[in-house]
Peer 1: 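Please read through the structure below; I'll follow up with questions.
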Amino acid sequence: MNDPRDSEAAHDRPSHFIRDIIAADQQAGKNGGAVVTRFPPEPNGYLHIGHAKAICLDFGMAREFGGRCHLRMDDTNPAKESMEYVESIKTDVRWLGWDWGDHFFFSAHYFERMYAVACDLIKRGKAYVCELTQEQWKDYRGVPTRPGKESPFRNRSVEENLDLFARMRAGEFPDGSLCLRAKIDMAAPNIHLRDPVLYRIMREHHYLTGNEWCIYPMYDYAHPLEDAFEGITHSLCTLEFEVHRPLYDWVVDQLENFPARPRQIEFARLNLSYTVMSKRKLLELVQKKLVSGWDDPRMPTISGLRRRGVPPEAIRAFCEEIGITKYESLTDVALLEHCIRNALNKTALRRMAVLDPLLVTIENAEALPADIEAVNNPEDPAAGSRRIPFGSQLYIERDDFAETPPPKYFRLSPGKSVRIRYAGFLTCTGVQKDDAGAVTGIICRWDPPTAELKVKGTIHWVPAHGAQMLEARLYDRLFTIEQPDSQEGREFTEFLNPDSLKTVTAHAEPALAEAKPGEAFQFERIAYFVADSLDSKPGRPVFNRTVTLKDAWAKASKK
RNA sequence: UGCCCGAUGGUGUAACGGUAGCACAACAGACUCUGGAUCUGUUUGUCUAGGUUCAAAUCCUAGUCGGGCAACCA
């Protein structure tokens, strides 16, 4: 009951077709009312926000229907997979707030059982060893508009098939020379049913099974078996597997006596504006060093978002918000940003920091308080308060002073007053300039909070003496256009945003020196920031900008 | 052009034969010691054409548009 995900699930929310299907199946008593799902990533890359959608769906449905969700490494292609990815996947799923309990599996641990099923298929005349080369197979397979023709090896005897398959496993044949095919229908309009490959010969070291195997099962064969072995009831996957479903069902139909009859249901993957989502492109960004790594705060990876300061509950809320459909859509990153602000607004401690300083000298320095009290989070009284040292010299944001203010400018300008957060008022009485005429500082009169001057604006500040210097990494969108990877004839890397990272040294209130890595703050009136988990050190804090605050003035002044 | 899937405001979605609703975005206003948050309001939508029905976003047919499928990848 104390789990945040319960309250997330509790609020009124429209359903979606997958929830409807599962509810109906459960009500009808299918599989004894059990609901077992799985999240089956291939450990060949880092998880990203698109995976988060699948993770929240898989684990969310299981949770909602009193079932369980398995985490399974779909590692049937050792050429691309590694333990580094396995570990990152576990870390990310856990960080997102999900728990697979004891149900952590590897496809590779089923290799022996899968092999036995294949032998059984052969014995029943449903699979055969084919010697056609890949080149020849292109011709035999046919094209979508034209049926294929049967392989000359299709009607070998069971004994010969069994012998050949055993020798494939024993390593008697070179890579790619033979394969095991299902015997289904070469005239099927669905290409996936035209005698699909079940096993290929591939001498690759597998990160789990080492060199034990030189034949590996194909996804279309392995996946339904894994689901069946584990008693999965609802096998949720993305739309591109829709045409594979008849084959999935064919494989499942070959089995007997399994705890559940798994059902594959497809939904649309997530597309986010101003980002790329394919593993290949993310890998390219990393390998070409266009970002600092998989966990670069500009990456849509879970590790990138985490380092950026995005809280997991924001990602879960986002995944709930976008819904589940079979329609390929493009979700606006603004929705993600909204979910992030929404989560952080409630939890992030407020602090003050000045990114672009302008020195303020207070002319009536006689009666200044030594420090002032500031609340830590106006949205959360329990967050308490802190004291900030005060003094006769302050820094304010250069933007917060205008020598000739534009219309409706509520901040400081000569002769005008403004409130300074928690600390009374400033009235500008003088402007200091260099020889070139640039403003180098301003002189102000200070009035205590009790003065109750009529002002429309409040600005933030930090004391000039005792300010904590910190590195602020100002992250922005990685790309300049909504769909960087869908531009005809153009590389997505052409649309990288040259301003996606700007690093500045900020003056901050002393309390920020003690920020713990990963701790989130709102720098008032600027943005949410997080202490970088890798580079931030005591006494030398480094902060990543997670997301800016909404800025009505910036919007209005653009017009 | 063979097969499969889909189409609701700018965006993402709901409505399961009976008043097209919600969120984001945008805009306007209120409030505010964050030009944040909060609150109120406004604009904008059922791909097209037929059919079934008292009644269609919803069911049927055709079309249009979009996506997917021809790795020994997943």
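Labels below follow one simple rule: chain letters A, B, ... track the order of the sequence lines, proteins then strands, and each chain is numbered from 1.
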Peer 1: Which atoms form the tightest heavy-atom contact between A:Lys550 and A:Arg341, and what is the distance?
Peer 2: N-NE, 3.9 Å
Peer 1: Is any side-chain N of the basic residue among A:Lys326 and A:Glu242 closer than 4.0 Å to the acidic one's carboxylate O?
Peer 2: yes
Peer 1: Reckon A:Glu242 touches a base, only the sugar-phosphate, or nothing at all at heavy-atom distances under 4.0 Å?
Peer 2: sugar-phosphate
Peer 1: Using the side-chain heavy atoms of A:Met218, tell me which of these nucleotides is nearest: B:A71, B:G35, B:G12.
Peer 2: B:A71
Peer 1: Rounded to whole angstrom units, what separation is found between the CG atom of A:Asn342 and the C1' atom of B:G36?
Peer 2: 13 Å
Peer 1: Report which part of the nucleic acid A:Tyr409 touches: base, sugar-phosphate, or nothing (heavy-atom distance under 4.0 Å, all strands).
Peer 2: base
Peer 1: Regarding A:Lys183 and A:Asp195, does a basic nitrogen lie under 4.0 Å from an acidic carboxylate oxygen?
Peer 2: no
Peer 1: What's A:Ile324 touching, base or sugar-phosphate or nothing? Going by heavy atoms closer than 4.0 Å.
Peer 2: sugar-phosphate
Peer 1: So which atom in A:Val243 and which in A:Pro246 form the shortest heavy-atom distance, rounded to 0.1 Å?
Peer 2: O-CD, 3.5 Å
Peer 1: Assign each of A:Glu131 and A:Phe410 to its nearest nucleotide of RNA chain B by heavy atoms, then name whichever residue's nucleotide is nearer the 5' end.
Peer 2: A:Phe410
Peer 1: Side-chain N or O of A:Lys456 versus OP1/OP2 of B:C33: is the shortest distance under 4.0 Å?
Peer 2: no
Peer 1: Please pick, from B:G35, B:A74, B:C4, the nucleotide with the shortest atom-to-atom distance to any side-chain atom of A:Arg411.
Peer 2: B:G35
Peer 1: Closer than 4.0 Å, any side-chain N/O of A:Lys555 to the OP1 or OP2 of B:C27?
Peer 2: yes
Peer 1: Please work out if A:Tyr327 contacts a base, only the sugar-phosphate, or nothing of the nucleic acid, heavy-atom cut-off 4.0 Å.
Peer 2: sugar-phosphate
Peer 1: Assess whether a salt bridge exists between A:Lys53 and A:Glu320, defined as any Lys/Arg side-chain N lying under 4.0 Å from an Asp/Glu carboxylate O.
Peer 2: no
Peer 1: Does the base of B:U13 carry an N or O that pairs as donor and acceptor with the side chain of A:Glu321 under 3.5 Å?
Peer 2: no
Peer 1: Based on Watson-Crick and G-U pairs with both distances under 3.5 Å, what dot-bracket line describes RNA chain B 5' to 3', crossing pairs as [ ] and inter-strand pairs as |?
Peer 2: .((((((..((((....[..)))).(((((.......)))))....(((((..]....))))))))))).....
Peer 1: Tell me whether A:Asp249 is salt-bridged to A:Arg263, with the criterion being a basic N under 4.0 Å from an acidic carboxylate O.
Peer 2: no
Peer 1: From CZ of A:Phe17 over to C1' of B:U13, roughly how many Å is that when rounded to an integer?
Peer 2: 13 Å
Peer 1: Between B:U1 and B:U64, how far apart are the two P atoms, rounded to whole Å?
Peer 2: 7 Å
Peer 1: What contact category does A:Asp175 fall into here, base, sugar-phosphate, or nothing, at under 4.0 angstrom with non-hydrogen atoms?
Peer 2: nothing
Peer 1: Do the side-chain N and O atoms of A:Tyr207 and A:Glu84 include a donor-acceptor pair separated by under 3.5 angstrom?
Peer 2: no
Peer 1: Rounded to whole angstrom units, what separation is found between the CG atom of A:Leu270 and the P atom of B:U13?
Peer 2: 9 Å
Peer 1: Answer with base, sugar-phosphate or nothing: what part of the nucleic acid does A:Leu132 contact at a heavy-atom distance below 4.0 Å?
Peer 2: base
Peer 1: Using OP1 and OP2 only, check whether a side-chain N or O of A:His338 sits under 4.0 Å from B:C24.
Peer 2: yes
Peer 1: The side chain of A:Lys408 is closest to which nucleotide in this list: B:G35, B:C72, B:A74?
Peer 2: B:G35
Peer 1: Given the structure, check if the side chain of A:Glu379 and the base of B:G36 hold any donor-acceptor pair shorter than 3.5 Å.
Peer 2: yes
Peer 1: Whole Å only: how far is the CD1 atom of A:Ile215 from the P atom of B:C72?
Peer 2: 16 Å
Peer 1: Syn versus anti for B:A71, judged by chi lying within 90° of 0?
Peer 2: syn
Peer 1: Measure CD1/A:Ile322 against C1'/B:C24 and give the value in whole Å, please.
Peer 2: 13 Å
Peer 1: Which value, in whole Å, describes the distance between the C1' atoms of nucleotides B:C24 and B:U44?
Peer 2: 14 Å
Peer 1: Over all strands shown, is A:His192 touching base, sugar-phosphate only, or nothing at heavy-atom distances under 4.0 angstrom?
Peer 2: sugar-phosphate
Peer 1: Between atom CZ in A:Phe241 and atom C1' in B:A71, what is the gap in whole Å?
Peer 2: 13 Å
Peer 1: Need to verify one output field. Residue with the more 5' nearest nucleotide on RNA chain B, A:Phe523 or A:Gly176?
Peer 2: A:Phe523
Peer 1: With respect to the side chain of A:Asp551, which nucleotide from B:G35, B:C73, B:U34 is positioned closest?
Peer 2: B:G35
Peer 1: Choosing from B:A74, B:U34, B:G35, which nucleotide comes nearest the side chain of A:Glu240?
Peer 2: B:A74
Peer 1: Looking only at side-chain N and O atoms, does A:Ser235 offer a donor or acceptor that is under 3.5 Å from a partner on A:Asp227?
Peer 2: yes
Peer 1: Expressed as a whole number of Å, how far does the C1' atom of B:U32 sit from that of B:U38?
Peer 2: 9 Å
Peer 1: Pick the C1' atom in B:C22 and in B:A15, then give their distance to the nearest Å.
Peer 2: 11 Å
Peer 1: Do the side-chain N or O atoms of A:Arg141 get closer than 4.0 angstrom to the phosphate oxygens (OP1, OP2) of B:A71?
Peer 2: yes
Peer 1: Could one point to a donor on the side chain of A:Arg341 or the base of B:G36 with an acceptor on the other under 3.5 Å away?
Peer 2: no
Peer 1: What distance, rounded to whole Å, do you find between the two P atoms, one in B:U19 and one in B:A71?
Peer 2: 49 Å
Peer 1: Are any of A:Ser329's side-chain N or O atoms less than 4.0 Å away from OP1 or OP2 of B:U13?
Peer 2: yes
Peer 1: Any base atoms under 4.0 Å from A:Leu335, or only sugar-phosphate, or nothing? Heavy atoms, all strands.
Peer 2: sugar-phosphate
Peer 1: At 4.0 Å (heavy atoms only), tell me whether A:Pro378 reaches a base, stays on the sugar-phosphate, or touches nothing.
Peer 2: base
Peer 1: Roughly how many Å is it from CG in A:Asp380 to P in B:A37, rounded to a whole number?
Peer 2: 18 Å
Peer 1: With a 4.0 Å limit, can you tell me whether A:Lys550 has a side-chain N or O closer than that to the phosphate oxygens OP1/OP2 of B:A25?
Peer 2: yes
Peer 1: Tell me whether A:Arg386 is salt-bridged to A:Glu373, with the criterion being a basic N under 4.0 Å from an acidic carboxylate O.
Peer 2: no
Peer 1: Do A:Asn190 and B:C69 share a donor-acceptor pair, side chain to base, under 3.5 Å?
Peer 2: no
Peer 1: Give one of base, sugar-phosphate or nothing for A:Ile526, where a contact means two heavy atoms less than 4.0 Å apart.
Peer 2: nothing
Peer 1: Mind checking A:Glu337 for me? I need base, sugar-phosphate or nothing, with any heavy atom below 4.0 Å counting as a touch.
Peer 2: nothing
Peer 1: Determine the Euclidean distance between corresponding P atoms of B:U61 and B:C5; express it in Å to zero decimal places.
Peer 2: 12 Å
Peer 1: Can you tell which of B:C24, B:G36, B:C33 lies closest to the side chain of A:Thr458?
Peer 2: B:C33
Peer 1: Under 4.0 Å between a side-chain N or O of A:Thr76 and OP1 or OP2 of B:A74?
Peer 2: yes
Peer 1: Measuring to OP1 and OP2 of B:U13, would you say a side-chain N or O of A:Thr325 lies under 4.0 angstrom away?
Peer 2: yes
Peer 1: Should A:Arg525 be listed as having a side-chain N or O under 4.0 Å from OP1 or OP2 of B:A37?
Peer 2: no
Peer 1: Tell me which nucleotide among B:C24, B:A74, B:C33 gets nearest to the side chain of A:Pro449.
Peer 2: B:C33
Peer 1: State plainly whether the residues A:Arg525 and A:Asp400 are in salt-bridge range, i.e. N to O under 4.0 Å.
Peer 2: yes
Peer 1: Can you tell whether the side chains of A:Glu328 and A:Arg269 come within less than 4.0 Å, N to carboxylate O?
Peer 2: no
Peer 1: Using every non-hydrogen atom in the two residues, find where A:Cys339 and A:Phe318 come nearest and quote the distance to one decimal.
Peer 2: SG-CA, 3.6 Å
Peer 1: Roughly how many Å apart are B:C47 and B:U58, using the P atom of each and rounding to a whole number?
Peer 2: 8 Å
Peer 1: Specify the separation, in whole Å, of atom CD1 of A:Ile191 and atom C1' of B:C72.
Peer 2: 16 Å
